[in-house]
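For reference, the structure is listed below as structure tokens.
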Amino acid sequence: MKSYPFERRSWAEPYKIKMVEPIKMTDPAERRAAIAEAGYNTFLLRSEDVYIDLLTDSGTGAMSDRQWAGLMMGDEAYAGSRNFHTLRDAVERHYGYRYTVPTHQGRGAEHLLSKLLIQSGDHIPGNMYFTTTRLHQELAGGVFVDVVIDEAHDPANTHPFKGNVDFDKLDALVAEVGADRIPYVCIATCVNMAGGQPISLQNLTALRRWCDQHRIMIVHDMTRLAENCYFIQQREPGQESRSIAEIAYDICKLTDAATMSAKKDPMVNIGGFLAMNDEQLYDKACNLAVIYEGLHTYGGMAGRDMEALAIGITESLHDNHIKARVGQVAYLGDLLNRSGVPIVQPTGGHAVFLNARAILRHIPQEHYPAQALAAALYADSGVRSMERGAVSAGRDPKTGRDRMPKMELVRLTIPRRVYTQAHMDVVAESVVDLYHHAEKIKGLRFTYEPEMLRFFRGRFEPIEP
Ligand code: F0G
């Protein structure tokens, strides 16, 4: 029992639960059979066999009563839906981008943008790769170049802004290929593959100056902008008394265009958009949207979904919401830190990342330790997580060999407003148990390997010693 006066007061979520969704409890034998049938790939499990689903925070959030009410306000006109105007107004009001093209989800926006801006042989620097983003860059003929600071590749490093850009790496790229072969720098806020790590306002401001000097655009992957803003508010000198909404607006103002997977920050189950300030670029984007997504005023989204998204944008920027959201991730991170489980430091905005290489020292990277750990976690407790290591990194398009990323991680991704603190306790206990019996876990080999984005549909079998 804590005694009065309390050192620190507890916080709780700024919402209460109005509807519940029962989840199935399974036994160990059922789970072992289910993961074997899924080829040891958590993407191939049936969701009804999952107890606590931490596969992703994408499209898995709980909408608010206001968002659900918004669904009833859908204007399902083919052209010029009222909800499109509500959405584009919300984007301009909160993010400042003047033009919005809805897309079916984030990768739809990445596809359009890559086609619009990349010529064959161009180089696209970014603060670490993301799977779909890089693939669309490559399909458009571009080459992705990682310019994130070295600290981002070290899971134990506690740098407060591991999403920052390294200007020496940018300068070296310009010296090598020339600024005219760099159409834009791709900047993600709260870098997913680095462990949900933020970029600082100061670093982004310096990047703006650098890009202006070289006449290069900045494209913002704003999928997890609100979480990045929270870290800026908490960690960046001079930002502590500013609101999340103010910081978000400032970040967007420093960039020229943005791709958004609306399934994350703004808490809708499906949707996204491409946003920008340049009218000519918007015109071209509309023409491409009509080919690949849908008319430029719906782009693959239902009118009702655009309404819920517009409401979700506003909710995502409330200070109390984001404090509770990132706070829940930190709660799980703290439990694992206290038990000595190696996780990416500091705990990120959307997920806790287990350092599979440090946990499974007996499994070489060619035997995919993170994939093996994710499968073992499911078998232990019905918790579904995701590999973010060599399987996700895929093969180098030139050499055809496995890319071996420095980090071999398992992502425990927390959906927004879905699980309780008790669920987090169950997850932590299962992870700690596995950590103490890690030697029982075996490496994996592919039995089926898709050509692209192989982590989604690949199948594996255990390697018997
Ligand atoms: N950019 C980032 C940083 C993402 O995390 C994602 C999706 C996308 C773009 C693509 O958006 O899925 O709407 O097409 N991330 C999901 C995840 C899949 O689980 O991290 P999408």
Side-chain angles (χ1 to χ4, degrees), residues 41-43 45 47 50 53-61 101-114 124 126-139 144 146 148 152 162-163 186-199 219-228 251 255 257-275 292-293 299-301 305 309 312 316 329 344 348-353 370 374 384-389 391-394 407 409-416 418 452-457:
N41 184 348
T42 53
F43 277 101
L45 287 165
S47 88
V50 173
D53 202 347
L54 307 187
L55 184 73
T56 176
D57 61 334
S58 183
T60 53
V101 181
T103 57
H104 74 282
Q105 58 183 76
R107 68 199 72 180
E110 291 169 350
H111 176 212
L112 302 186
L113 180 96
S114 303
I124 301 95
N127 56 347
M128 210 176 256
Y129 86 101
F130 183 71
T131 52
T132 59
T133 320
R134 181 177 64 191
L135 183 61
H136 279 298
Q137 292 164 356
E138 289 172 353
L139 290 173
F144 169 81
D146 189 353
V148 79
K162 284 168 113 174
C186 183
I187 289 301
T189 31
C190 247
V191 182
N192 191 352
M193 303 299 274
Q197 305 292 334
I199 178 170
V219 172
H220 176 199
D221 181 342
M222 63 186 302
T223 296
R224 296 184 182 84
L225 169 65
E227 291 157 14
N228 199 115
I251 290 179
T255 69
T259 55
M260 167 65 111
S261 169
K263 305 165 73 173
K264 282 86 165 175
D265 254 8
M267 295 169 285
V268 287
N269 301 119
I270 194 74
F273 57 79
L274 175 61
Y292 293 108
E293 295 287 319
M301 291 186 76
D305 290 333
L309 167 53
S316 74
V329 181
V344 173
H350 67 305
V352 174
F353 288 73
R384 171 153 71 169
S385 59
M386 183 196 290
E387 190 265 8
R388 292 274 94 147
V391 177
S392 292
M407 295 200 288
L409 309 175
V410 169
R411 189 179 73 170
L412 302 167
T413 337
I414 319 292
R416 294 167 185 79
V418 170
M452 284 187 241
L453 300 181
R454 61 185 186 173
F455 56 95
F456 282 131
R457 297 184 52 251

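All figures in this text were calculated on a predicted structure; none of them were measured in a lab. Both counts, for ligands and for their atoms, begin at 1 and track the order of listing.
For ligand 1, the atoms lying closer than 4.0 Å to a non-hydrogen atom of Thr223 are 1 (N), 2 (C). Shown in contact with Thr56 at under 4.0 Å from a heavy atom are these atoms of ligand 1, numbered in order with element: 17 (C), 19 (O).
Between Ser261 and ligand 1, at least one N/O pair is under 3.5 Å apart. Taking any N or O of Gly106, backbone or side chain, at least one lies under 3.5 Å from an N or O belonging to ligand 1. For ligand 1, none of its N or O atoms has an N or O atom of Lys263 under 3.5 Å away.
Between atom NE2 of residue His104 and atom NZ of residue Lys263 there is a gap of 8.0 Å, rounded to the nearest 0.5 Å. In this structure, Leu274 CG and His111 NE2 are separated by 12.0 Å, a value rounded to the nearest 0.5 Å.
Formation of a donor-acceptor pair under 3.5 Å by the Asp57 side chain with backbone atoms of Lys264 is not found in this model. A distance-only check finds a donor-acceptor pair linking the side chain of Arg411 to the backbone of Leu55 [under 3.5 Å].
For atom 15 (N) of ligand 1, the nearest non-hydrogen atom of the protein is Lys264 NZ, 2.9 Å. When only non-hydrogen protein atoms are considered, atom 10 (C) of ligand 1 lies nearest to Thr132 OG1, 3.5 Å. Atom 9 (C) of ligand 1 has as its closest protein heavy atom Glu110 OE2, 3.0 Å. Among all non-hydrogen protein atoms, the one lying nearest atom 14 (O) of ligand 1 is Arg107 NE, 2.6 Å. The closest protein non-hydrogen atom to atom 21 (P) of ligand 1 is Gln105 NE2, 3.3 Å. Nearest protein heavy-atom contact of atom 3 (C) of ligand 1 is Asp221 OD2, 3.3 Å. Regarding atom 6 (C) of ligand 1, its nearest protein heavy-atom neighbour is Phe130 CE2, 3.2 Å.
Contact record, Gly299 with Glu293: O-OE1, 3.5 Å, taken as the closest heavy-atom pair. Of all heavy-atom pairs between Ser385 and Thr42, the closest is O-OG1, 2.7 Å. In terms of heavy-atom proximity, His220 sits nearest to Leu225 at CE1-CD1, 3.9 Å. Minimum heavy-atom separation, Cys186 to Ile124: CB-CG2, 4.1 Å.
Both tests hold for Arg388 against Phe455: distance to the six-membered ring centre under 6.0 Å, angle to the ring axis within 45°.
In this model, no donor atom of one side chain and acceptor atom of the other lie less than 3.5 Å apart for His350 and Thr413.
Within the structure, the closest approach of His350 to ligand 1 does not fall below 4.0 Å when heavy atoms are considered. Contact annotation: Met193 has no heavy atom less than 4.0 Å from any atom of ligand 1.
Under 4.0 angstrom from ligand 1, there are no non-hydrogen atoms of Met222.
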